[in-house]
Amino acid sequence: MGSAAEDSNRRLLRARDAMDRRYAEPLDIRALARVAHVSEAHFIRTFRATFGETPNRYLQRRRVERAMFLLRSGDRSVTDICMDVGFSSLGTFSRVFREIVGESPREYRRRGPLPPVPSCFAMAWSRPSK
């Protein structure tokens, strides 16, 4: 891999790391492209080519992953969890959750509490594949 490709990958990883750290905050493509030091269009194009999904879909999936954990590890309302993970609309949260997980947040919660295994195993086992 050439030096330019390595540099591009490092910049994209910085942007993805920012998304992982600040998934609950309002993030926009302009801010993430600035982290990667590229234009917005180039950021979207190269992120998708590198990671296999758009930045927006990656961020949605990260938020849903966190919501999955919260739904099965406590008794807070679906609306509170929706807001805590960075969605501003319960309708959007429910639609995206169903697209990624295959069932509604309420249906997912009915599975009961997470099994008593190390969280890294539980998260890997329950990670959505879409």
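Here the structure is a predicted model, which means the values were calculated and not measured.
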**Q.** Side-chain heavy-atom pair P105, S94 within 4.5 angstrom cut-off
**A.** yes
Q: Apply salt bridge (Lys or Arg N to Asp or Glu O under 4.0 Å) to E53 and R61, showing your working.
A: CA-CA 10 Å; E53 60 189 342; R61 192 171 47 77; 2.6 Å; yes
Please table the atom pairs, donor to acceptor, closer than 3.5 Å between any side-chain atom in residues 78-91 and protein atoms at least two apart or in another chain.
residue	atom	partner	partner atom	Å
D80	OD2	S77	OG	3.3
D84	OD2	R76	NH1	2.7
D84	OD2	R76	NH2	2.1
S89	OG	G91	N	3.3
S89	OG	T92	N	3.2
S89	OG	T92	OG1	3.4

(Q) Using the rule given for side chain to side chain contact (heavy atoms under 4.5 Å, CB included), can you reason through F93 versus R63, listing the C-alpha separation, both sets of side-chain angles and the distance that settles it, and then say yes or no? (A) CA-CA 9 Å; F93 170 69; R63 288 173 172 169; over 6 Å; no
Q | Sidechain N-carboxylate O distance under 4.0 Å for R62, E65 | A | yes
Q | Separation between OG1 of T46 and CG of L12, rounded to the nearest 0.5 Å | A | 4.5 Å
Q) Going from OG on S8 to CZ on F43, what distance comes out if it is rounded to the nearest 0.5 angstrom? A) 10.5 Å
Q.
Between M68 and L71, is the side chain to side chain contact (heavy atoms under 4.5 Å, CB included) condition met? List the steps.
A. CA-CA 5 Å; M68 290 171 69; L71 284 165; 5.6 Å; no
Q: Go through R21 and D17 one step at a time and tell me if the salt bridge (Lys or Arg N to Asp or Glu O under 4.0 Å) criterion holds.
A: CA-CA 6 Å; R21 278 190 313 273; D17 288 346; 5.0 Å; no
Q: Check step by step if side chain to side chain contact (heavy atoms under 4.5 Å, CB included) holds for V64 and Y108.
A: CA-CA 12 Å; V64 166; Y108 182 78; over 6 Å; no
Q | R98 bridged to E103 by N-O distance under 4.0 Å | A | no
Q) Of all heavy-atom pairs between T54 and R48, which one has the smallest distance, and what is that distance? A) CG2-NH1, 3.6 Å
Q.
Whether the side chain of E107 engages the backbone of S104 through a donor-acceptor N/O pair (distance < 3.5 Å, no angle test) should be reported.
A. yes
Q) Ion pair present between E99 and R57, side-chain N to carboxylate O less than 4.0 angstrom? A) yes
Q: For the residue pair Y58 and D20, establish whether any side-chain heavy-atom pair is separated by less than 4.5 Å.
A: yes
Q) So do R72 and P113 actually touch side chain to side chain, heavy atoms under 4.5 Å? A) no
Q. How far does CZ of R11 sit from CZ of R14, to the nearest 0.5 angstrom?
A. 7.5 Å
Show the atom names and distances, to 0.1 Å, of all donor-acceptor pairs under 3.5 Å that link a side chain in residues 28-36 to residues at least two apart or in another chain.
residue	atom	partner	partner atom	Å
D28	OD1	A31	N	2.9
R30	NE	E40	OE2	3.1

